[in-house]
Visitor: 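My questions will all concern the structure given below.
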Amino acid sequence: MTSSNDTATRKTILSGSTTTGNLTLGNYIGAVSNWKAMQQDYDCFYFIADLHALTVAQDPVALRERCMSFYAQYIALGLDPEENTIFVQSHVHEHAELTWILTCMTPMGYLNRMTQFKDKSANVKNVHAGLFSYPVLMAADILLYQADLVPVGQDQKQHLELCRDLVGYFDNRYGAGALKVPEPYIPEVGAKIMSLTDPESKMSKSSENEKSYISIIDQPKKITKKIKSAVTDSDTVVNYDPENKPGLANLLTIYSVLSEKSVPTLVEEYEGRMYGHLKGDLAELVVSTLTPYREKYEDLMKHQDYLRQLMRAGAEKATARASVTLADVYEKTGLLPR
Ligand code: TRP
């Protein structure tokens with residue numbers, strides 16, 4: 001156990017994920033395993049970004065189920081609700097409130113330049129303001145907790161930059177001290193896991209094509225099928241060439257991370273053997289890696305009362321910190337105290 005003293009001196013890490021689809025093997029390798037590693041050294045806040053999920057149309061029943069399932073996946077993967085604060089974004093109303101204050105300070109032009117907004121809105125008929133101001137909500141998520149470090153992928157860097165700039169805008173207008181400028185946290189070894197069907201793009205939990213990703217709660221048969229049908233090239237020699245053989249390179253990357261063997265070692269092991277051998281072995285490795293997590297997940301989902309209890313405790317801890325920041329911001333902003 002860590003004493004509260006340590007908590008006061010440990011730096012704060014915050015990260016969340018939007019509840020679309022299930023957590024994937026890519027999330028596990030790229031994000032969650034790093035979050036887990038940081039639990040010892042930092043005061044960590046991890047949350048389910050359900051308000052962010054609303055930026056695209058959601059079926060209410062499915063959304064509720066997915067948030068429950070996501071929370072269980074976080075816990076099953078080893079995020080520790082005792083040592084850390086693991087909560088649901090919408091349970092802490094300060095997120096929506098700080099978002100409004102920050103929205104009133106965010107230049108439209110800045111949001112217009114966001115590449116993720118451009119991508120996400122490109123082929124959408126009715127683009128809503130929520131999708132446009134998504135990065136402001138993300139800034140509020142971060143600033144409420146006085147986060148020092150935010151582990152984010154490349155695709156979220158621009159959003160983090162806005163968050164940092166917003167602190168400057170706020171300080172200029174109202175004076176410094178309420179909000180802390182966060183730093184991006186780039187993990188030392190961050191393998192980027194690509195789609196199994198289109199290895200030029202990132203493995204994404206929101207992909208329409210279920211074959212493109214492995215969900216951490218997929219059944220073994222499904223995992224094996226997906227890996228065996230992963231897109232590779234028509235060559236037969238196993239070597240690591242991300243440029244010309246992106247599909248194979250991706251499989252080698254996954255293999256290397258999960259087996260903790262280097263890519264050159266693996267290439268040597270598969271010399272003279274076919275892609276099929278590698279795929280078969282990799283499928284076994286992925287199944288054996290994920291099975292304990294899936295079993296834990298299935299058990300947690302049978303105990304929804306327990307999950308709700310953890311959520312409530314997480315929301316309470318999160319609120320304790322967030323409410324202090326928001327009160328300070330309201331004060332500085334000139335809103336009348338109640
Ligand atoms: N936008 C992030 C994503 O899609 C999720 C997210 C929401 C987040 N709020 C955050 C990540 C705050 C880090 C910090 O991956």
Side-chain angles (χ1 to χ4, degrees), residues 11-24 26-35 38 42-56 58 63 66-67 70-71 73-74 79 84-99 102-103 106 111 114-121 130-167 179-187 190 192-193 201-207 213 314 318 321-322 325:
K11 288 195 164 178
T12 297
I13 288 239
L14 173 134
S15 201
S17 43
T18 313
T19 42
T20 42
N22 286 311
L23 288 174
T24 68
N27 297 126
Y28 172 72
I29 291 173
V32 183
S33 59
N34 284 312
W35 295 3
M38 292 178 304
Y42 298 96
D43 191 11
C44 302
F45 288 76
Y46 298 130
F47 66 96
I48 309 280
D50 57 345
L51 296 176
H52 275 109
L54 291 179
T55 57
V56 292
Q58 298 286 342
L63 177 65
R66 205 158 347 95
C67 286
F70 241 76
Y71 195 87
Q73 289 176 49
Y74 271 21
L79 298 186
N84 300 297
T85 308
I86 303 174
F87 64 103
V88 177
Q89 187 183 30
S90 65
H91 289 178
V92 182
H93 57 72
E94 282 81 357
H95 289 249
E97 293 175 77
L98 182 59
T99 297
L102 297 175
T103 301
T106 309
L111 293 179
M114 292 292 173
T115 53
Q116 204 172 59
F117 173 71
K118 286 188 204 165
D119 290 349
K120 284 193 179 176
S121 60
L131 188 64
F132 189 61
S133 57
Y134 178 115
V136 187
L137 176 58
M138 182 164 158
D141 297 337
I142 298 166
L143 298 175
L144 277 175
Y145 300 93
Q146 309 287 332
D148 296 289
L149 297 166
V150 181
V152 283
Q154 200 60 34
D155 59 338
Q156 299 295 322
K157 268 204 172 150
Q158 203 184 13
H159 294 163
L160 192 64
E161 210 41 56
L162 169 72
C163 175
R164 291 160 55 86
D165 286 339
L166 278 170
V167 177
L179 305 171
K180 188 181 242 175
V181 182
E183 303 290 332
Y185 178 90
I186 313 293
K192 189 170 171 193
I193 306 304
S201 57
K202 194 172 130 178
M203 181 181 283
S204 164
K205 59 181 153 52
S206 23
S207 165
Y213 60 86
R321 170 106 50 126
T325 303

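Start at 1 and go down the list; that is how both ligands and their atoms are numbered.
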Visitor: If we ignore hydrogens and angles and just use 3.5 Å, is the side chain of His95 paired with the main-chain N or O of Ala140 as donor and acceptor?
Guide: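 Side chain of His95 to backbone of Ala140, a donor-acceptor pair under 3.5 Å: no, none is there.
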Visitor: Is the side chain of Thr325 donor-acceptor paired with the backbone N or O of Leu144 at a distance under 3.5 Å, no angle test?
Guide: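 The answer is yes, because a donor-acceptor pair under 3.5 Å joins these two groups.
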Visitor: Tell me the contacting part of Gln156 for ligand 1: side chain, backbone, both, or neither, using a 4.0 Å heavy-atom threshold, strictly below.
Guide: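 Side chain only; the backbone of Gln156 stays clear of ligand 1.
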Visitor: Could you measure the distance from the CD1 atom of Ile142 to the CD1 atom of Ile13? Nearest 0.5 Å is fine.
Guide: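 The CD1 atom of Ile13 is 11.5 Å from CD1 of Ile142, to the nearest 0.5 Å.
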Visitor: Find all atoms of ligand 1 within a distance of less than 4.0 Å from any non-hydrogen atom belonging to Phe47, and give their numbers and elements.
Guide: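 What qualifies from ligand 1 is 9 (N), 10 (C), 12 (C).
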Visitor: Return the minimal non-hydrogen interatomic distance between Leu111 and Ser133, and the atom names on each side.
Guide: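 The answer is CD1-CA, 4.1 Å.
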Visitor: Identify, by atom number and element, the atoms of ligand 1 in contact range of Leu14, meaning under 4.0 Å from any of its heavy atoms.
Guide: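 Numbered from 1, ligand 1 contributes 12 (C), 14 (C).
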Visitor: Around atom 9 (N) of ligand 1, find the nearest protein heavy atom and jot down its residue, atom name and distance.
Guide: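 The answer is Asp141 OD2, 2.6 Å.
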Visitor: Is it the case that the ring center of Tyr145 lies less than 6.0 angstrom away from the ring center of Phe47?
Guide: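 Here the rings of Tyr145 and Phe47 have centres that are no less than 6.0 Å from each other.
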Visitor: Looking at Ile86, is its backbone amide N or carbonyl O close enough to the side chain of Tyr71 to form a donor-acceptor pair, meaning the two atoms are under 3.5 Å apart?
Guide: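 Side chain of Tyr71 to backbone of Ile86, a donor-acceptor pair under 3.5 Å: yes, one is there.
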Visitor: Show, in sequence, the C-alpha distance, side-chain angles and deciding distance for Thr12 and Arg321, and conclude whether the side-chain hydrogen bond (donor to acceptor under 3.5 Å, both in side chains) test is met.
Guide: CA-CA 11 Å; Thr12 297; Arg321 170 106 50 126; 3.0 Å; yes
Visitor: Distance under 4.0 Å to a non-hydrogen atom of His52: what atoms of ligand 1 satisfy this?
Guide: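 Under 4.0 Å from His52, ligand 1 has these atoms: 7 (C), 9 (N).
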Visitor: Would you mind running through ligand 1 and noting each atom that sits below 4.0 Å from a heavy atom of Thr18?
Guide: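 Taking each heavy atom of Thr18 in turn, ligand 1 has 3 (C), 4 (O), 5 (C) under 4.0 Å.
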Visitor: Please say whether the positively charged group of Lys120, taken as NZ for Lys or CZ for Arg, lies over the ring of Tyr134, i.e. under 6.0 angstrom from the six-membered ring centre and within 45 degrees of the axis.
Guide: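 Relative to the ring axis of Tyr134, which defines the angle, Lys120 lies inside both limits.
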Visitor: Report the part of Leu137 in contact with ligand 1, treating N, CA, C, O as backbone and CB onward as side chain, heavy atoms under 4.0 Å; options are side chain, backbone, both, neither.
Guide: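 Looking at Leu137 and ligand 1, no heavy atom falls under 4.0 Å.
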Visitor: So which bit of His159 gets within less than 4.0 Å of ligand 1, heavy atoms only: side chain, backbone, both or neither?
Guide: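 It is neither part, as no heavy atom is under 4.0 Å.
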Visitor: Quick check on contacts: which atoms of ligand 1 are under 4.0 angstrom from a heavy atom of Val150?
Guide: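 Heavy-atom distances to Val150 below 4.0 Å select 13 (C), 14 (C).
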Visitor: Out of Pro184, Ala49, Gly16, who is nearest to atom 8 (C) of ligand 1 when you count heavy atoms only?
Guide: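 Of the listed residues, Gly16 has the closest heavy atom.
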Visitor: Closer than 4.0 Å to some heavy atom of Ile142 - which atoms of ligand 1 meet that?
Guide: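 In order of numbering, the contacting atoms are 12 (C), 14 (C).
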Visitor: Check ligand 1 against Tyr134 and write out every atom of the ligand that is under 4.0 Å from a heavy-atom position of the residue.
Guide: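 Within the 4.0 Å cut-off of Tyr134, ligand 1 contributes 1 (N), 2 (C), 3 (C), 4 (O).
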